[in-house]
Q: 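Structure in structure tokens, see below.
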2 protein chains.
Amino acid sequence: MRLIVARCAVDYTGRLTTHLPMAVRLLMIKNDGGVSIWHDGGSAVKPQNWMTPPTVVELQEDEATGALKHMVVRKRAGATEDRLDIAIAEVVSDVTHDMGEAAALEKDGVEAHLQELLAEQPHWCGEGFRLVRREWATDIGPVDLMCRDAEDGWVAVEIKRVATIEAVEQLTRYLERLRAEDPAMAEVKGVLAAQQIKPQARVLAESRGMRCVEVDLAVLRGEREPDLTLFMV
Amino acid sequence: MRLIVARCAVDYTGRLTTHLPMAVRLLMIKNDGGVSIWHDGGSAVKPQNWMTPPTVVELQEDEATGALKHMVVRKRAGATEDRLDIAIAEVVSDVTHDMGEAAALEKDGVEAHLQELLAEQPHWCGEGFRLVRREWATDIGPVDLMCRDAEDGWVAVEIKRVATIEAVEQLTRYLERLRAEDPAMAEVKGVLAAQQIKPQARVLAESRGMRCVEVDLAVLRGEREPDLTLFMV
DNA sequence: ACTTAGATTTCGCCG
DNA sequence: CGGCGAAGTCTAAGT
């Protein structure tokens, strides 16, 4: 990984055009050709400009001094070309570090995990629910959980970490499809289960007859008791 | 901005838990407390771990050698705390650069710009269209443009850079809502305007009676004449 | 190769 | 401050 700190101005042309006036910035250049440009202010996570690999990086140096003068990062984007033009006025620092082999990030607690926990404890989706199958296939995609309720009726459960209107649309499509595909599922119900359900999503879901369930990861893991105050209102 | 290259292992706990095994990585620490952790492989744009400001950064040094041993980044996240634990085995490099004041990115060509241009020239959405309001509020979100057509009928316009099936669904929801909310809008029509309309989106839109309009940013800006060949077919 | 859905999405606007 | 929609979203998985 090469790290260049330099006073530079940057122009990007591609899906849109952007311009960065002259200032001191960090240029991070990865071995795979990925380039990102950083300033001390602004986002901790998002670079001011970037180019994802595969790219072609061209460096142009001053003939007399050998100093880095210009850097162009190019990338094929369909018929056209994405281009990052970096005009360098002064190089403050320029170092390269070998970081060895990749070390992957291990995650725990994402939507997939939530699905596992709810599959093991489907009663959190609704009283008396039993799991029939995870990832129940339809021809427009898999339903997260397919359950039977206490009255033995079919229930499709859509699981999200944060449920927005999009989640409601997705569940709507599944219900439509299931009801059309299989006469036994003509009455299939829908449940939206999420750690957080946005108000508009709740309104739309309930207007379409879906039940909304907010679940707590800690409770699902048995690390915490359910909030009993809910039942004392 | 402080740049530390170090052999380290990282644990994050917060919205989820993650672990990074010992490896050489770059730690980018901004003056505002933003921290991001990078490896040479993987994404050019997304760090392996990060914490957005405001944060509290604690550094722990070896008593004998003064070498950096441990770094903890903490952040309030509602009731709980997000935490980034960085165990440092070896510091390869540790430099700080003053990057001066912020230098903002100037953008051109995004959806907001497209919406401005179409608001000024609604006739590109349809012959004889007049703008009534931008960002017309409904209780499931704002309609990009609300217009009247040549026959004085209401038209809701949804604007996208690239229109997918999602855009059609969004417009469908708005039309549904408008027709239900207001008797005067019982007949409101829909127009999907985008720089690019995906074939599947076009099929779905037209099957639902929406009109599709592909617009050219350069034409909207008056930089280029409309493609007359369209009228010669 | 292309499409779809998730993301510690992040970011910006508007209430 | 929270909610919602866009993003040069990016990325990984499935078809």
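Predicted model only: the values in this text are computed from it and were never measured. Numbered from 1 within each chain, the chains take letters A, B, ... in sequence-line order.
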Q: Using the C1' atoms only, state how far D:dA7 lies from C:dG6, rounded to an integer number of Å.
A: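 About 15 Å, rounded to a whole number of Å.
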Q: Under a 3.5 Å threshold, yes or no: a donor from one side chain and an acceptor from the other, between B:D40 and A:H97?
A: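 Side chains of B:D40 and A:H97: no pair found under 3.5 Å.
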Q: Listed by chain and number, what are the side-chain hydrogen bond (donor to acceptor under 3.5 Å, both in side chains) partners of A:K30, not counting sequence neighbours?
A: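 So A:K30 forms no side-chain hydrogen bond (donor to acceptor under 3.5 Å, both in side chains) with any residue.
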Q: Can you see whether A:Q115 engages A:E135 through a side-chain donor-acceptor pair at a distance of less than 3.5 angstrom?
A: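 A pair is found: one side chain offers a donor N or O, the other an acceptor, under 3.5 Å apart.
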Q: I'd like a table of atom pairs between the protein and nucleotides 13-15 of chain C - only N or O on both sides, under 3.5 Å - with the distance next to each one.
A:
none

Q: Mind checking what makes salt bridge (charged side-chain N to carboxylate O under 4.0 Å, His left out) contact with B:D82, not counting sequence neighbours?
A: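 Salt bridge (charged side-chain N to carboxylate O under 4.0 Å, His left out) check on B:D82 returns nothing, list empty.
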Q: Where along residues 191-202 of chain A does a heavy atom come under 4.0 Å from DNA chain D, residue by residue in number order?
A: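 Result for residues 191-202 of chain A: A:K198, A:P199, A:Q200, sorted by number.
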Q: D:dC10 and C:dG12: how far apart are their P atoms, nearest whole angstrom?
A: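 That atom pair is separated by 16 Å.
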Q: Nearest whole Å is fine: how far is D:dG5 P from B:I159 CD1?
A: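 The distance from CD1 of B:I159 to P of D:dG5 comes to 15 Å, rounded to the nearest Å.
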Q: Which whole-number value in Å describes the distance from A:Q115 CD to C:dG6 P?
A: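 My rounded result for the distance is 10 Å.
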Q: In this structure, how many angstroms lie between the P atom of C:dA7 and the NE2 atom of A:H113, rounded?
A: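 One finds 13 Å between P of C:dA7 and NE2 of A:H113, rounded.
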Q: Reading nucleotides 7-15 of chain D 5' to 3', which nucleotides get B (base under 4.0 Å from a protein heavy atom), which S (sugar-phosphate only), which -?
A: SBSSS----
Q: In whole Å, I'd like the distance from the CG atom of B:L204 to the P atom of C:dT4.
A: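 Value for this atom pair: 12 Å.
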Q: Ignoring backbone atoms, test whether A:Q170 places a side-chain nitrogen or oxygen under 4.0 Å from the OP1 or OP2 oxygen of C:dT4.
A: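 So the side chain of A:Q170 is outside the cut-off, no N or O lying under 4.0 Å from OP1 or OP2 of C:dT4.
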Q: Please report the closest heavy-atom contact between B:V35 and A:A44, naming both atoms and the distance.
A: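 Nearest heavy atoms, B:V35 then A:A44: N-CB, 4.2 Å.
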Q: Measuring only the P atom in each nucleotide, how far is C:dC11 from D:dT11? A whole number of Å is fine.
A: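 After rounding to an integer number of Å, I get 15 Å for this pair.
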Q: Could I get the full list of side chain to side chain contact (heavy atoms under 4.5 Å, CB included) partners for A:P122, not counting sequence neighbours?
A: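 Counting only residues at least two positions away or on another chain, A:P122 forms a side chain to side chain contact (heavy atoms under 4.5 Å, CB included) with A:F129, A:L131, A:C147.
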Q: Starting at atom CD of A:E166, determine the distance to atom P of D:dG5, rounded to an integer number of angstrom.
A: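 To the nearest whole Å, that distance equals 9 Å.
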Q: Residues in side-chain hydrogen bond (donor to acceptor under 3.5 Å, both in side chains) with A:E58, at least two apart?
A: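 For A:E58, the residues satisfying side-chain hydrogen bond (donor to acceptor under 3.5 Å, both in side chains) (neighbours in sequence not counted) are A:R74.
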Q: Under 3.5 Å, sequence neighbours excluded: what are the donor-acceptor pairs made by side chains of residues 15-26 of chain A?
A:
{"unit_1": "A:T18", "atom_1": "OG1", "unit_2": "A:N49", "atom_2": "ND2", "d": "3.3"}
{"unit_1": "A:H19", "atom_1": "ND1", "unit_2": "A:D11", "atom_2": "OD1", "d": "2.8"}
{"unit_1": "A:H19", "atom_1": "ND1", "unit_2": "A:D11", "atom_2": "OD2", "d": "3.4"}
{"unit_1": "A:R25", "atom_1": "NE", "unit_2": "A:Q48", "atom_2": "OE1", "d": "2.7"}
{"unit_1": "A:R25", "atom_1": "NH1", "unit_2": "A:C8", "atom_2": "O", "d": "2.8"}
{"unit_1": "A:R25", "atom_1": "NH1", "unit_2": "A:P21", "atom_2": "O", "d": "2.9"}
{"unit_1": "A:R25", "atom_1": "NH2", "unit_2": "A:P21", "atom_2": "O", "d": "3.0"}

Q: Return the 5'-most residue of the pair B:P47, A:R173 with respect to DNA chain C, ranking by each residue's nearest nucleotide.
A: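 Of the two residues, A:R173 wins.
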Q: Would you sketch DNA chain D in dot-bracket for me? Only Watson-Crick or G-U wobble pairs with both distances under 3.5 Å count, crossing pairs as [ ], other-strand pairs as |, the rest as dots.
A: |||||||.|||||||
Q: Is there a donor-acceptor contact under 3.5 Å from the side chain of B:Y12 to the main chain of B:D85?
A: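 Judged by distance alone, no pair lies under 3.5 Å.
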Q: Send over the distance from B:D32 CG to C:dT10 P, rounded to a whole Å.
A: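 Rounding to the nearest Å, CG of B:D32 and P of C:dT10 are 15 Å apart.
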Q: List the atom pairs, with distances to 0.1 Å, where a side-chain N or O of residues 196-206 of chain A and a protein N or O form a donor-acceptor pair under 3.5 Å, not counting sequence neighbours.
A:
{"unit_1": "A:Q200", "atom_1": "NE2", "unit_2": "B:D139", "atom_2": "O", "d": "3.4"}

Q: According to ring pair (Phe, Tyr, Trp, His ring centres under 6.0 Å), who are the partners of A:W154, at least two apart in sequence or on a separate chain?
A: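 Per chain and number, A:W154 pairs via ring pair (Phe, Tyr, Trp, His ring centres under 6.0 Å) with A:W136.
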Q: For C:dA7 versus D:dA6, give the span between their C1' atoms, rounded off to a whole number of Å.
A: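 Comparing C1' positions in C:dA7 and D:dA6 gives a spacing of 15 Å.
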Q: Ion pair present between B:R173 and A:E169, side-chain N to carboxylate O less than 4.0 angstrom?
A: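 Yes, this pair counts.
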Q: Only counting residues at least two apart or in another chain, list the ones meeting side chain to side chain contact (heavy atoms under 4.5 Å, CB included) with B:A218.
A: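 Applying side chain to side chain contact (heavy atoms under 4.5 Å, CB included) to B:A218 gives B:D216, B:E223, B:R224.
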Q: With a 3.5 Å cut-off and no angle check, do the side chains of A:S36 and A:W38 form a donor-acceptor pair?
A: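 Yes, because at least one side-chain N or O of A:S36 sits under 3.5 Å from a partner of the opposite role on A:W38.
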Q: Using whole Å, report how far CD of B:E169 lies from C1' of D:dC4.
A: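 Spelled out: CD on B:E169 to C1' on D:dC4 is 18 Å.
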